[in-house]
Structure formats: structure tokens, C-alpha cells
There are 2 protein chains.
Amino acid sequence: MTFDWGPPVRIGSNREHKTLTDATVDRLRGDIISGRLKSGAKVKSEDLKGLYGVGTSPIREALFQLASEGLVRADGQRGFRVAELNENELLEITDWRARLEGEALRRSIINGDVNWEANAIAALHRLRGVQTSRDLTRDKAADLWEERHREFHFALYGKCGSPWLLRFCELLIQNGERYRRAFVEYKSIDQSITQEHEAILDAAVKRDHVKAVSILDKHIRHAGELAQKFLEKSLAPKASSAKLKPRRAGRGRTH
Amino acid sequence: MTFDWGPPVRIGSNREHKTLTDATVDRLRGDIISGRLKSGAKVKSEDLKGLYGVGTSPIREALFQLASEGLVRADGQRGFRVAELNENELLEITDWRARLEGEALRRSIINGDVNWEANAIAALHRLRGVQTSRDLTRDKAADLWEERHREFHFALYGKCGSPWLLRFCELLIQNGERYRRAFVEYKSIDQSITQEHEAILDAAVKRDHVKAVSILDKHIRHAGELAQKFLEKSLAPKASSAKLKPRRAGRGRTH
DNA sequence: AGAATAGCAGATTTCGAAATTCGGAGAAGG
DNA sequence: CCTTCTCCGAATTTCGAAATCTGCTATTCT
């Protein structure tokens with residue numbers, strides 16, 4: 001009967017979709033974060049209507065929601081486009097992720113009970129499970145790894161006791177993930193990333209929040225630098241491919 | 001020609017409304033923050049359609065946007081309601097406001113140029129201008145004071161250099177303002193509040209960020225405690241008025 | 001009488017089409 | 001030849017009605 005307070009904290013795909021709009025939000029969000037919809041691409045509701053098989057309203061409603069989350073920009077009465085990626089924002093997101101997620105982890109370690117530990121352990125185990133997948137470049141596999149990865153992090157932060165903090169982390173993680181998936185070509189997961197996860201969980205379960213937060217900080221900045229390296233490489237070097245963000249997004253006028 | 005990066009940072013009422021939906025968002029947000037739509041109240045699109053004189057779509061799109069901002073909750077297929085206020089959230093918002101706005105102010109003082117100073121001074125001057133209004137309980141006057149107040153704070157934070165930080169501050173301020181306006185019965189502005197504004201601006205212009213941030217911190221926690229005091233008084237004491245959230249909200253059916 | 005089910009009225013969600021708006025192509029004028 | 005204005009097609013926004021869903025009420029069965 002009593003409502004949860006604080007902003008709704010919901011990650012990625014929820015099991016039950018009561019509403020067509022909800023389903024569309026998740027699907028669209030997934031397509032943007034994963035990079036299937038490219039940075040800066042125009043989003044034509046007409047196209048999505050066909051693609052997702054829903055009417056105008058759910059798509060439009062989803063678009064407005066994602067605009068508030070920073071994944072999409074509403075452009076006057078000129079429709080919507082996928083938010084542009086840029087290096088400054090990556091830096092900013094990485095920095096705030098490190099700060100806020102660090103705080104969330106610290107508080108969770110202080111507040112967390114055995115159940116919290118169990119959830120985190122379970123989440124890391126599930127993450128290990130998809131780790132072994134050979135081919136993470138395939139959409140399906142990458143989606144799955146990222147989902148488990150998010151779940152692990154949020155299992156860690158779950159007991160921070162602050163819905164707003166969780167919401168902020170969620171927004172940052174979501175937007176940050178776009179950079180990894182847009183630029184980092186990971187065939188298989190870097191071993192050091194995996195080790196960091198283990199180390200964070202270990203310190204967390206031992207209630208050593210100083211150590212845990214310190215590793216998490218390194219983990220996040222590490223990921224940020226990796227993405228940044230690729231991003232620079234993509235933007236700077238060969239002016240030939242300068243027009244990355246290839247037009248191939250909108251399928252309107254080929255040629 | 002080039003897009004601003006980072007999430008869109010827009011406060012309250014924007015000058016130009018290109019789209020009916022945009023106008024509806026601002027209007028609805030105003031009605032929620034000001035308390036004209038009460039905490040927990042059901043939001044019937046049918047009612048708003050009549051009240052605002054627009055069709056289903058703009059209202060629905062606005063509702064989804066506000067849901068992402070935390071002012072409204074979307075409830076399965078059971079429609080929307082104004083987000084509930086509660087004491088825990090007030091505490092949380094106050095704490096995060098102090099932290100994040102403090103950081104925003106610190107960075108702005110470090111980055112800010114003469115123009116930034118000028119804007120802040122001008123904003124405070126405009127705030128002083130409405131300060132003299134006799135009757136701040138009237139919607140119009142309170143709306144104006146709050147708008148100027150927000151503008152002053154944001155003028156201060158404007159040079160923090162971090163769109164995400166600004167966005168977070170914006171969300172917190174918005175949601176925090178609801179508590180003041182729901183519970184604090186301010187006939188005239190407390191003198192100490194006014195003095196704090198002056199002191200913050202003074203320290204900011206003198207580039208003393210330690211002092212400025214310290215006063216800001218006090219300012220925010222001060223406002224939080226004030227709201228909390230009233231909130232407790234409203235919730236706890238007389239079970240008689242247990243059904244606070246008096247009906248007088250919607251001016252639709254004066255029965 | 002109590003519990004469970006069917007039916008109904010009120011709301012909400014979803015659709016498809018009408019009305020606006022944008023941006024460019026082409027004509028007219030300098 | 002360049003600029004400005006007008007008109008047209010494409011896309012977006014907005015509306016209003018049809019389809020669904022929810023929660024309550026009345027009815028029926030045990």
C-alpha cells in the first residue's frame with residue numbers, strides 16, 4: 001500500500017512491462033546505449049513505428065523520457081536525435097561516476113547486511129558466467145555482459161540508502177556505457193577488469209570500505225581511460241574517416 | 001551550429017516555447033512544485049486536458065518527462081500521480097544539495113570570470129527586487145520569488161563547467177523546493193536567508209571559495225531544517241487533521 | 001452468510017489521421 | 001550572378017476516438 005519514496009530506480013530491461021510505452025523505453029534505450037542507434041542520428045518516429053511495431057504515442061512518450069535521461073535530444077519542432085558523444089562529456093561522466101559510485105559503495109558497505117553480501121556475490125557469479133562467452137562483439141552477448149555488469153555494480157550499491165544517489169549513478173552509468181560500446185572494441189573482457197571486480201567484492205565482503213572504494217575508483221577511471229583512448233583514435237587520426245558518425249543511420253536517402 | 005554537450009540544463013519557465021508539450025511540461029512542473037497540485041494527488045489527463053486546454057498527447061508526454069525528473073510517478077496502467085513527499089527524502093535532498101551545490105559553487109568561483117560575477121550580482125539584485133513584496137503567500141508572488149531565487153543560485157553555479165553537475169543540482173533543487181512550498185508558511189522572507197545570500201555573493205566575488213561554500217552549506221541545511229520542522233508539525237501532531245493534503249488543490253470541483 | 005465470479009462504469013493507453021511546421025527548390029527581382 | 005520570396009513535399013506535432021484495462025458492485029453458488 002505504501003509507496004517507495006525517492007525517484008524510481010530502474011535499470012535496463014525490467015521483467016514485466018505493463019505498458020507498451022515502458023517496453024518501448026527499454027528497447028529504445030537499449031538500442032541507443034548499445035550503439036545500434038548511432039550518436040547524433042536522427043530518430044524518425046515513422047521509422048521506429050515500423051521497426052518496433054507500435055503507434056506514434058508510445059514512441060513519442062518513450063522519446064521524452066529518454067530525453068530526460070540524456071540519451072536523446074529534443075530539437076525544437078524538428079524531432080529528436082540521439083545525443084552526441086564527445087570527449088569532454090566522457091571525462092565528466094567518468095569523474096562523477098568515480099565520486100558518486102564510490103560514495104554509494106562506501107555507504108552500502110557500512111549499511112549492508114548478509115543478504116546484501118549474498119546478492120553481490122551472486123551477481124558477480126552471474127557476471128563470471130557470461131565472461132566465458134567467446135564472442136562478445138555480437139550484440140546479444142555484449143548486451144548480456146553489460147547487463148550483468150550493471151547488475152553487479154548495482155548489487156554493490158543497493159544498500160547505500162539513498163534513492164537519489166542511486167538514480168544519479170544509474171544515469172551516469174547509462175550514459176557512460178555508450179562510450180564504451182561506441183568506441184571500445186573488446187573481443188574478450190580485459191583480464192584486469194575481471195580482477196578488479198573480484199577485488200572490489202572481496203574488500204566489500206570484508207567490510208574494508210576504504211580499500212573497496214579505492215579499487216572501485218581505479219576500476220571506473222580505468223574504464224574511462226580505455227574508452228577515451230579509443231575515442232581519440234576514432235576522432236583524431238585519419239581525417240579520411242573524419243565523417244565517422246556515418247550517415248548510414250537514417251535510411252532515408254541512400255546517396 | 002554546434003550542439004551544447006551534456007544534458008540539457010533548463011530551469012522552470014523558458015522564454016520561448018516551440019512546442020505545446022514544452023509549455024505543458026513547464027506549466028505542470030510549476031503546478032506541482034508550487035503545491036497547486038498536492039503530493040500524492042491523482043493526475044487525470046482528462047482533467048488537465050480541460051484545465052490546460054490541450055489534447056491528450058502533450059499532457060501525456062509532459063507527464064513522462066516529469067516522471068523522469070521525480071515529480072510524478074507512473075503507476076502501471078493506473079495512470080499518474082504527483083510524487084509523495086516524505087521526511088526521509090527531504091533529508092536526503094538537503095544533504096545532496098549541500099554537497100553538490102557546494103562543489104558547483106567552488107568550481108564556479110575558481111573558473112568564473114568577470115561576466116560570471118556580473119550575472120550573479122545582477123541575479124541577486126533582481127531577487128532583492130521581489131523581496132520587498134508584501135504578500136509572498138500569493139501564488140504569483142511566491143512563484144516569482146522562487147524563480148528569482150533559483151536564478152540566483154544558478155547564476156552562482158553557472159561556471160562550474162559540468163553540465164551533469166548542473167543537471168543534478170537542478171533536479172535536487174526542483175524536488176527540494178516542493179517541500180518548502182508545501183510546508184513552510186512564509187509570510188515574508190526570513191531575514192537570515194537574505195543575509196546568507198548577500199554573504200555568499202560577497203565571498204564569491206572575493207573568490208573566497210572556502211568561505212562561500214561554507215555559507216552555502218549552512219544556507220541549504222538551514223532551509224532544509226526549516227522545511228523539516230514544518231513537515232513534522234504537519235504530519236505528527238493532531239491526528240485530527242490526519243488527512244492533511246487538504247482537498248483545496250484542484251480548483252475544478254469546488255463541490 | 002461468506003466467497004467467488006461476472007458485469008459495468010470510469011480511466012487509461014493506443015492508434016491513425018488531420019493540422020502545423022520546417023527546409024529546400026525554384027522563380028522573381030536587384 | 002547573387003539575394004529574396006514563394007511554394008511544395010516531408011516530417012512532426014496534435015487531436016479525438018477506439019480499444020484495453022482496472023476496480024467496484026451486484027449476483028450467484030456453496
Side-chain angles (χ1 to χ4, degrees), chain A residues 1-3 8 10 14-28 37-38 40-68 71-83 247 249-255, chain B residues 1-3 8 10 14-28 37 40-68 71-83 249-250 252-253 255:
Chain A
M1 222 55 1
T2 143
F3 285 121
R10 303 259 161 73
N14 289 317
R15 19 219 136 281
E16 308 267 16
H17 293 303
K18 315 272 287 199
T19 241
L20 244 187
T21 298
D22 290 341
T24 304
V25 169
D26 283 350
R27 183 152 177 205
L28 193 48
L37 285 168
K38 295 288 192 303
K42 187 129 194 21
V43 178
K44 283 194 255 200
S45 31
E46 211 48 41
D47 292 354
L48 289 175
K49 254 169 64 171
L51 195 55
Y52 293 176
V54 298
T56 316
S57 312
I59 287 184
R60 201 143 227 282
E61 289 158 8
L63 248 7
F64 276 99
Q65 194 166 326
L66 295 179
S68 283
L71 294 173
V72 153
R73 311 260 178 236
D75 207 7
Q77 0 209 32
R78 247 160 292 124
F80 297 83
R81 52 185 59 226
V82 180
R247 317 275 80 149
R251 65 292 222 329
R253 83 230 69 142
T254 28
H255 119 292
Chain B
M1 228 56 3
T2 140
F3 284 122
R10 301 262 161 71
N14 288 315
R15 21 217 140 284
E16 309 267 16
H17 292 303
K18 316 272 287 200
T19 242
L20 244 187
T21 299
D22 290 340
T24 305
V25 169
D26 283 349
R27 184 153 177 204
L28 193 48
L37 285 169
K42 187 127 194 26
V43 178
K44 283 194 256 199
S45 30
E46 211 48 41
D47 292 354
L48 289 166
K49 256 170 62 173
L51 195 55
Y52 292 177
V54 299
T56 318
S57 311
I59 286 183
R60 201 143 227 282
E61 289 159 8
L63 249 8
F64 276 99
Q65 193 167 326
L66 295 178
S68 283
L71 295 174
V72 154
R73 312 260 177 237
D75 205 8
Q77 356 211 36
R78 250 160 289 122
F80 297 83
R81 52 185 60 227
V82 180
R253 79 227 81 130
H255 112 290

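The shown structure was predicted, so the numbers you read here are calculated from the model rather than taken from an experiment. Each chain gets a letter, A, B and so on, in the order its sequence line appears, and its residues count up from 1.
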One should read off an interatomic distance between B:Phe64 CZ and B:Ile59 CD1, to the nearest 0.5 angstrom, of 13.0 Å
Looking only at non-hydrogen atoms, find the nearest pair between A:Leu63 and A:Leu28 and report the distance.
-> CD1-CD2, 3.4 Å
Residues two or more places apart in sequence or in another chain: which of them pass side-chain hydrogen bond (donor to acceptor under 3.5 Å, both in side chains) with B:Gln65?
-> none
Within this structure, what is the CG-to-P distance between B:Asp75 and D:dC21, rounded to whole angstrom?
-> 17 Å
Nearest to side-chain heavy atoms of A:Ser45, which nucleotide of D:dT12, D:dA17, C:dA17 = D:dT12
Residues A:Thr19 and B:Gln77: closest non-hydrogen pair is OG1-OE1, 3.7 Å
What are the atom names and distances for every N/O pair under 3.5 Å that joins the protein to nucleotides 8-10 of chain D?
none

Any N or O donor-acceptor pair linking the side chain of A:Ser57 to the base of C:dC15 at under 3.5 Å?
-> yes
Interatomic distance where NZ belongs to B:Lys49 and P belongs to D:dG16 [whole Å] | 7 Å
Side chain of A:Gln77: nearest nucleotide among C:dT12, D:dC15, C:dT21?
-> C:dT21
d(CG, B:Asp47; P, C:dT12) in whole Å = 8 Å
Go through D:dG16, D:dC21, C:dA17 for me and flag the one nearest to the B:Thr56 side chain.
-> D:dG16
Kindly write out the residues that satisfy side-chain hydrogen bond (donor to acceptor under 3.5 Å, both in side chains) with B:Thr21, not counting sequence neighbours, or none if the list is empty.
-> B:Glu61
Which whole-number value in Å describes the distance from A:Lys18 NZ to D:dT22 P?
-> 6 Å
Round to a whole Å and report the spacing from CZ of B:Arg81 to C1' of C:dA11.
-> 13 Å
Residues forming a salt bridge (Lys or Arg N to Asp or Glu O under 4.0 Å) with B:Lys42, sequence neighbours excluded | none
For nucleotides 23-25 of chain D, list the nitrogen or oxygen atoms of the protein found under 3.5 Å from its nitrogen or oxygen atoms, one pair per line.
from, atom 1, to, atom 2, distance (Å)
D:dG23, OP1, B:Arg78, NE, 3.0

Could you tell me the separation between the OH atom of B:Tyr52 and the P atom of D:dT14, rounded to a whole number of Å?
-> 16 Å
Heavy-atom side-chain proximity of B:Arg78 to A:Lys18 below 4.5 angstrom = yes
Taken to the nearest whole Å, CG/A:Leu20 to C1'/D:dT20 is 11 Å
Against the side chain of A:Pro58, the closest entry in D:dC15, C:dT14, C:dC22 is C:dT14
Could you pull out all residues at least two apart from B:Tyr52 that satisfy ring-ring contact (aromatic ring centres under 6.0 Å, His included)?
-> none
Would you indicate what B:Lys42 reaches in the nucleic acid, counting non-hydrogen atoms under 4.0 angstrom: base, sugar-phosphate, or nothing?
-> sugar-phosphate
Below 4.5 Å, heavy atoms only, C-beta onward: do A:Val82 and A:Leu71 meet side chain to side chain?
-> no
note: B:Asp22, atom CG; D:dT12, atom C1'; distance rounded to Å ~ 13 Å
B:Thr21 side-chain N/O to D:dT14 phosphate OP1/OP2 under 4.0 Å = yes
Side chain A:Arg81, main chain A:Val43, donor-acceptor under 3.5 Å = no
